[in-house]
Amino acid sequence: PASCRSNGTHIGRLLNRATILSVFGGHVSSRKTALFPHKDGGEGLPLKFTWPVEPDSLQWHDFEFERSDGTKVKPWGVSLNPASDPNERMTVLTAGWFVDVVDPLRGPEIPPTLVKVQVVGDLILTNGTHRFNVKGAEAAGGNLVYARGNVLQMAYLRPYSEVTESTKSDPCPSDKGVTHVLTGATQAGATKDGVNAFDQDQFQLFDIQMKDGSLLPKTSYRAIADRDGDDFTDICLSLTASQAVDIATLAFRCDMDNRLQRFAFPKGMTDGNFPCTATKPQPVTRLKCPESPLCR
């Protein structure tokens with residue numbers, strides 16, 4: 001099978017090491033598609049990297065998954081969709097049949113289970129100025145465990161830019177005094193329940209903590225954007241210069257009894273399965289704009 005490629009400029013992020021950041025145990029699709037050629041569908045299993053992937057280097061045979069019985073399997077295909085906006089592309093969606101489960105919406109897994117993923121081909125990441133071959137990088141455990149739920153992985157802040165927002169299908173509004181955009185990157189695609197997007201004013205999902213321990217007032221929130229179901233969600237903010245400097249962490253809240261204060265993988269949260277309760281606040285990185293490719 002051939003790789004699915006995304007077009008567009010190569011972009012990057014100001015990080016000091018290029019490797020696998022996280023991996024998410026996939027969900028089962030019941031539809032036969034180009035990525036899932038089997039008549040019974042298959043699993044979509046995203047891999048998140050610390051730097052964006054150069055699309056031309058991506059091949060289906062770049063990845064190898066190891067099961068608990070020692071057997072190994074490769075994906076049927078790969079894609080940078082759906083997280084393919086010009087300032088994303090850090091997540092590779094692998095498609096295949098990696099493990100069996102009793103019920104895709106409830107689990108559990110049927111052994112052998114996944115224990116490790118390794119990059120076995122020449123996969124190139126870039127931060128816009130440097131390129132790095134991550135062949136040999138590997139990840140084990142974590143969200144390869146099918147029962148685990150979504151978590152926040154990283155967060156970064158940039159000044160609002162109409163140029164950057166023009167590349168988005170769901171941009172921050174231009175008429176609400178937005179000065180900054182805080183992006184929360186989750187383990188994999190994030191929605192209310194696996195299907196329905198976050199509300200544009202669902203501010204109760206987030207806590208933005210300042211350096212003094214206080215929370216940024218909700219009056220500073222203007223909108224939730226980039227609500228397309230992938231793993232990047234934008235919080236559109238109106239900040240003073242001192243507030244922008246003082247932001248310390250971002251948290252996605254997880255109250256499993258409150259639909260507006262939790263977030264789910266694409267496989268949902270049927271009967272309380274795959275809860276987001278392991279999520280933790282993440283430090284906020286400030287992008288240097290316009291130098292950072294994520295500001296373009």
Side-chain angles (χ1 to χ4, degrees), residues 46 48 81-91 149-210 214-240 243-244 247 249-269 274-276 279 281-282 284-287 289 294-296:
K48 183 179 265 85
N81 288 322
S84 57
D85 285 345
N87 62 346
E88 297 175 345
R89 300 177 185 169
M90 290 183 279
T91 310
N150 212 345
V151 296
L152 179 65
Q153 279 290 339
M154 56 184 169
Y156 45 90
L157 183 72
R158 61 176 170 84
Y160 173 83
S161 164
E162 290 187 1
V163 174
T164 303
E165 294 307 302
S166 68
T167 68
K168 299 277 188 179
S169 58
D170 180 29
C172 285
S174 59
D175 58 351
K176 291 190 175 182
V178 176
T179 62
H180 292 78
V181 180
L182 178 57
T183 298
T186 48
Q187 185 87 36
T191 58
K192 289 180 185 174
D193 49 20
V195 177
N196 295 291
F198 300 133
D199 297 333
Q200 193 176 35
D201 59 353
Q202 195 177 329
F203 305 141
Q204 60 267 58
L205 178 61
F206 311 103
D207 282 334
I208 300 173
Q209 189 175 63
M210 313 302 283
S214 64
L215 295 181
L216 182 72
K218 298 300 182 185
T219 53
S220 297
Y221 293 54
R222 291 293 182 263
I224 309 303
D226 203 3
R227 300 168 301 127
D228 53 8
D230 65 24
D231 41 325
F232 297 89
T233 300
D234 287 345
I235 307 169
C236 314
L237 301 171
S238 178
L239 302 175
T240 65
Q243 285 177 321
I247 286 178
T249 64
L250 170 66
F252 276 42
R253 302 186 69 180
C254 183
D255 180 349
M256 290 297 292
D257 295 321
N258 187 333
R259 188 167 176 265
L260 297 179
Q261 291 184 353
R262 67 186 189 195
F263 59 108
F265 276 145
K267 57 190 176 186
M269 292 177 162
F274 320 119
C276 53
T279 191
Q282 296 297 323
V284 173
T285 298
R286 285 161 184 79
L287 300 178
C289 298
L294 288 182
C295 304
R296 299 173 188 167

In short, A225 meets C172 closest at the heavy-atom pair CB-N, 3.6 Å
Only counting residues at least two apart or in another chain, list the ones meeting ring-ring contact (aromatic ring centres under 6.0 Å, His included) with F206. F252
Short question: side chain of S238, backbone of T179 - any donor-acceptor pair under 3.5 Å? no
Applying salt bridge (Lys or Arg N to Asp or Glu O under 4.0 Å) to D170 and not counting sequence neighbours gives R227
Donor-acceptor under 3.5 Å (R259 side chain, M256 main chain): no
Q261 vs Q204, test: side-chain contact (heavy atoms from CB on, under 4.5 Å). Steps then yes/no. CA-CA 6 Å; Q261 291 184 353; Q204 60 267 58; 3.7 Å; yes
Does this structure show an ion pair linking D234 with K168, if we count only N-O contacts that are shorter than 4.0 Å? yes
Under a 4.5 Å cut-off applied to non-hydrogen side-chain atoms, are F265 and T186 in contact? no
Examine distances only and state if a side-chain atom of R89 and a backbone atom of S84 form a donor-acceptor pair shorter than 3.5 Å. yes
Could you tell me whether the side chain of T279 and the main chain of C276 form a donor-acceptor pair under 3.5 Å? no
Quick one: ring-ring contact (aromatic ring centres under 6.0 Å, His included) partners of Y160, sequence neighbours excluded? none
State which residues pass salt bridge (Lys or Arg N to Asp or Glu O under 4.0 Å) with K192; sequence neighbours excluded, sorted by chain then number. D199
Residues in side-chain contact (heavy atoms from CB on, under 4.5 Å) with Q209, at least two apart? L215, T249
Taking all non-hydrogen atoms of both residues, which atom of Q153 and which atom of Q282 are closest, and how far apart? O-OE1, 3.4 Å
Do D231 and T91 pair up side chain to side chain, a donor and an acceptor below 3.5 Å, judged on atom types alone? yes
D207 vs K218, side-chain contact (heavy atoms from CB on, under 4.5 Å): CA-CA, chis, key distance, verdict: CA-CA 9 Å; D207 282 334; K218 298 300 182 185; 4.0 Å; yes
State, to 0.1 Å, how close A251 and L152 come at their nearest heavy-atom pair, and which atoms those are. CA-CD2, 4.3 Å
Evaluate the side-chain contact (heavy atoms from CB on, under 4.5 Å) criterion for residues R253 and F263: first the C-alpha distance (whole Å), next the side-chain angles of each, then the deciding distance (0.1 Å), finally the verdict. CA-CA 8 Å; R253 302 186 69 180; F263 59 108; over 6 Å; no
Nearest heavy-atom contact between L239 and S220 is CD2-CB, 4.4 Å
Please enumerate all residues that pass ring-ring contact (aromatic ring centres under 6.0 Å, His included) together with F232, with sequence neighbours excluded. none
For a quick test of reading the model, state the closest non-hydrogen atom pair linking T191 to G229 and the distance between them. CG2-CA, 3.9 Å
With a 3.5 Å distance limit and no angle check, can you tell me whether R158 reaches the backbone of T183 through a side-chain donor-acceptor pair? no
Single hit among I247, L157, I235 for side-chain contact (heavy atoms from CB on, under 4.5 Å) with H180: L157
Considering non-hydrogen atoms only, spot the tightest contact between N150 and A188 and give its length. ND2-O, 3.3 Å
What do the steps show when you test V151 against Q187 for side-chain contact (heavy atoms from CB on, under 4.5 Å), and what is the final call? CA-CA 6 Å; V151 296; Q187 185 87 36; 3.3 Å; yes
